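Given the structure is predicted, the values throughout are model-derived calculations rather than measurements. We're numbering straight along the sequence, starting at 1. Ligands are counted one by one from 1 in listed order, and the atoms in each one are counted from 1 as well.
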Amino acid sequence: MDRFMKRIFALLAVIVLIFTIAVFYDKINTTTREIHVIPPVYCMQLRHKFANIASATNPAQFDFKNFTEDLSALMRCPPMSNITQKELNRARLRACCNATGILYYNKQNTAANQNITYETSSKQSYHINKDFYNMLPEDFPWSGRTLSNCAVVGSGGILKNSSCGREIDTADFVIRFNMAPVNDSDVGLKTDLVTMNPSQLLGYKNLKSNPGPLVERVSVYGNSILIISAFNYAANTRLSVNAFKVLHPIRPQQHMVFFSSSYMKNLSGFWKRQGLKGVHLSSGFRLINVALEVCDHVHVYGFWPFDTNLEQQKLTHHYFDNVGPKRGVHAMPKEFLNLLKLHSQGALTLHLQPCL
Ligand SMILES: *[C@@H]1O[C@H](CO)[C@@H](O)[C@H](O)[C@H]1NC(C)=O
Ligand SMILES: *[C@@H]1O[C@H](CO)[C@@H](O)[C@H](O)[C@H]1NC(C)=O
Ligand SMILES: *[C@@H]1O[C@H](CO)[C@@H](O)[C@H](O)[C@H]1NC(C)=O
Ligand SMILES: *[C@@H]1O[C@H](CO)[C@@H](O)[C@H](O)[C@H]1NC(C)=O
Ligand SMILES: *[C@@H]1O[C@H](CO)[C@@H](O)[C@H](O)[C@H]1NC(C)=O
Ligand SMILES: *[C@@H]1O[C@H](CO)[C@@H](O)[C@H](O)[C@H]1NC(C)=O
Ligand SMILES: *[C@@H]1O[C@H](CO)[C@@H](O)[C@H](O)[C@H]1NC(C)=O
């Protein structure tokens, strides 16, 4: 009897133990899934690997599945900020390119009657007359201070259903592209600077007599700055300057501004020297460089130039449509690797997964 009871107890103990382990295991598993714990050593290895990637690397050479698995682990590592690295980048960018002082033409960095030269040709120039000068903004939003938290919001399909809108809207300064639609749930509404593509102006005929549609389009962004490349090619100048002359009297509080050609030229040179050769830098990549210079913390959303997400699900080209880019204009995957490099160095934060 005694031995029999002992056996029963032993059996019960084993059952209880197995049960406890099972519950525990499940709990650990759920916690891992919920709070996404990746061992710190693994995080360090991933950061080390991507922080040291050569700037000219083409991700086409990667095993894409392995790459996305590494990235989804990296995205679950706690964000890391390296102030030394940030200051180093800021100093290098200031010395080469100086977005802080010359990102676009304003009354501080431009003189009435100055001739501005083109990005792509030093023979051509555009004369800034008194009227044009008077319509330029006084200075930059970052004049005399740095901006704290900046969000740079690309148009990638990865933002669709991301619920990142609320997080994006908490930034102090939000940069968007090509007058992309704003949407409170996925991309947020706040906008401080938004690019216009000269080709987008082609859709607005007879602007002088019929400014309404363009005015309506830009009003969506409140008083944010509209920035355009008017002095890269002469063909873009007329379109941009016409829109500027029409919009200024109607919306004087919303400045339309022109990228300075020396900033654009110097930034291309800077990245060429790092190995991004034969590449026409995208406006997204350029403005991330601007943010690295003028902001303390740079959060990057919607930059993911591949057609599936980290879980191998199919993505649309943009969060708002599925129209592909012209092939070969930009080298987004190479640019992306440089963003990943900056992320891994603690210089900016890439967001590639839905926001909680
Ligand atoms: C990806 O490949 C590298 C090198 O082959 C390997 O060390 C790493 O563990 C792989 N990552 C995953 C998530 O399988
Ligand atoms: C931060 O960046 C600096 C400059 O690149 C580097 O020397 C240092 O090791 C980095 N610190 C950490 C904790 O990674
Ligand atoms: C940028 O390039 C111009 C020549 O295009 C040069 O004069 C200028 O010093 C460069 N650097 C900065 C920081 O603007
Ligand atoms: C940047 O540009 C501003 C305005 O032109 C100028 O005052 C400043 O000295 C420039 N800084 C550098 C590092 O070139
Ligand atoms: C600007 O260019 C015009 C010719 O296109 C020339 O007459 C004028 O002197 C130039 N102005 C300056 C300030 O260089
Ligand atoms: C987004 O959510 C909608 C509705 O919940 C769903 O139909 C759609 O497939 C989702 N799209 C993506 C890209 O996840
Ligand atoms: C915002 O995005 C969500 C999900 O993609 C979509 O259901 C909704 O219609 C969008 N709203 C606007 C105003 O575009």
Side-chain angles (χ1 to χ4, degrees), residues 32-33 36-54 57-77 86-112 114-126 128 133 136-147 229-233 257-274 281 286 289-295 306 308-312 337 340-341 344 352-353:
T32 313
R33 254 182 281 121
H36 310 304
V37 178
I38 300 284
V41 176
Y42 188 28
C43 288
M44 256 175 58
Q45 286 168 344
L46 287 169
R47 285 199 191 100
H48 183 78
K49 170 168 156 182
F50 291 123
N52 292 296
I53 210 160
T57 310
N58 189 345
Q61 72 193 58
F62 292 169
D63 167 359
F64 192 70
K65 189 158 184 298
N66 173 286
F67 180 54
T68 52
E69 278 167 9
D70 278 355
L71 282 189
S72 72
L74 181 65
M75 288 298 121
R76 282 179 281 148
C77 295
K86 285 180 179 178
E87 289 302 331
L88 197 66
N89 287 341
R90 177 174 293 167
R92 289 168 72 206
L93 285 166
R94 253 188 207 155
C96 86
C97 312
N98 198 8
T100 313
I102 60 162
L103 175 64
Y104 54 77
Y105 300 107
N106 64 20
K107 289 201 175 87
Q108 306 299 317
N109 60 24
T110 311
Q114 182 181 329
N115 290 331
I116 57 184
T117 53
Y118 275 75
E119 186 187 342
T120 53
S121 151
S122 50
K123 290 197 198 87
Q124 271 177 310
S125 70
Y126 184 86
I128 304 273
Y133 177 81
L136 294 178
E138 290 299 328
D139 52 19
F140 297 107
W142 50 83
S143 292
R145 62 185 182 132
T146 56
L147 303 170
S229 271
F231 302 106
N232 47 356
Y233 303 103
V257 302
F258 307 104
F259 277 112
S260 93
S261 21
S262 63
Y263 179 72
M264 299 292 251
K265 227 187 323 195
N266 291 2
L267 189 69
S268 299
F270 176 80
W271 281 102
K272 221 168 255 169
R273 290 191 295 277
Q274 326 279 314
L281 297 181
R286 286 180 154 143
N289 279 275
V290 173
L292 288 171
E293 212 187 299
V294 304
C295 310
F306 306 104
T308 54
N309 66 12
L310 297 183
E311 279 75 45
Q312 327 289 335
L337 275 198
L340 177 57
K341 179 171 177 162
S344 306
L352 299 177
Q353 279 176 323

Run the numbers on Phe50 and Asp70 for side-chain contact (heavy atoms from CB on, under 4.5 Å), then give the verdict.
CA-CA 10 Å; Phe50 291 123; Asp70 278 355; 4.1 Å; yes
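Using the six-membered ring where Trp is involved, Trp142 and Phe140 have ring planes that are parallel, under 30° apart on the 30 and 60° scheme.
Although no hydrogens or angles enter the test, the distance criterion places a donor-acceptor pair under 3.5 Å between the side chain of Ser260 and the main chain of Ile102. Side chain of Ser261 to backbone of Thr117: a donor-acceptor contact under 3.5 angstrom is found. With hydrogens and angles ignored, the 3.5 Å screen pairs no side-chain donor or acceptor of Ser121 with any backbone N or O of Tyr118.
Distance from atom 13 (C) of ligand 4 to its nearest protein heavy atom, with residue and atom name: Arg94 O, 3.8 Å. Of all protein heavy atoms, the one closest to atom 4 (C) of ligand 4 is Gly101 O, 3.6 Å. Distance from atom 12 (C) of ligand 3 to its nearest protein heavy atom, with residue and atom name: Asn266 ND2, 3.4 Å. Distance from atom 5 (O) of ligand 1 to its nearest protein heavy atom, with residue and atom name: Asn66 ND2, 4.6 Å.
Looking at Asp70, Leu71, Leu74 and measuring to atom 11 (N) of ligand 1, the nearest heavy atom belongs to Asp70.
Protein heavy atoms are absent from the space less than 4.0 angstrom from atom 7 (O) of ligand 4. Protein heavy atoms are found less than 4.0 angstrom from atom 2 (O) of ligand 3.
In the vicinity of Ile102, heavy-atom distances shorter than 4.0 Å reach the ligand 4 atoms 2 (O), 5 (O). Close approach of ligand 3 to Ala95 is summarised as follows: ligand atoms under 4.0 Å from at least one heavy atom of the residue are 13 (C). Listed by atom number, the atoms of ligand 3 under 4.0 Å from Cys96 heavy atoms are 11 (N), 12 (C), 13 (C).
Using modelled atom types and a 3.5 Å distance limit, the side chains of Tyr104 and Thr110 yield no donor-acceptor pair.
In this structure, Met264 CE and Leu103 CG are separated by 8.5 Å, a value rounded to the nearest 0.5 Å.
Among the atoms of Asn98, some N or O lies under 3.5 angstrom from an N or O of ligand 4.
In this structure, Thr100 has no heavy atom closer than 4.0 Å to ligand 4.
Contact check on Glu119 versus Lys265 returns no salt bridge, with no Lys/Arg side-chain nitrogen under 4.0 Å from an Asp/Glu carboxylate oxygen.
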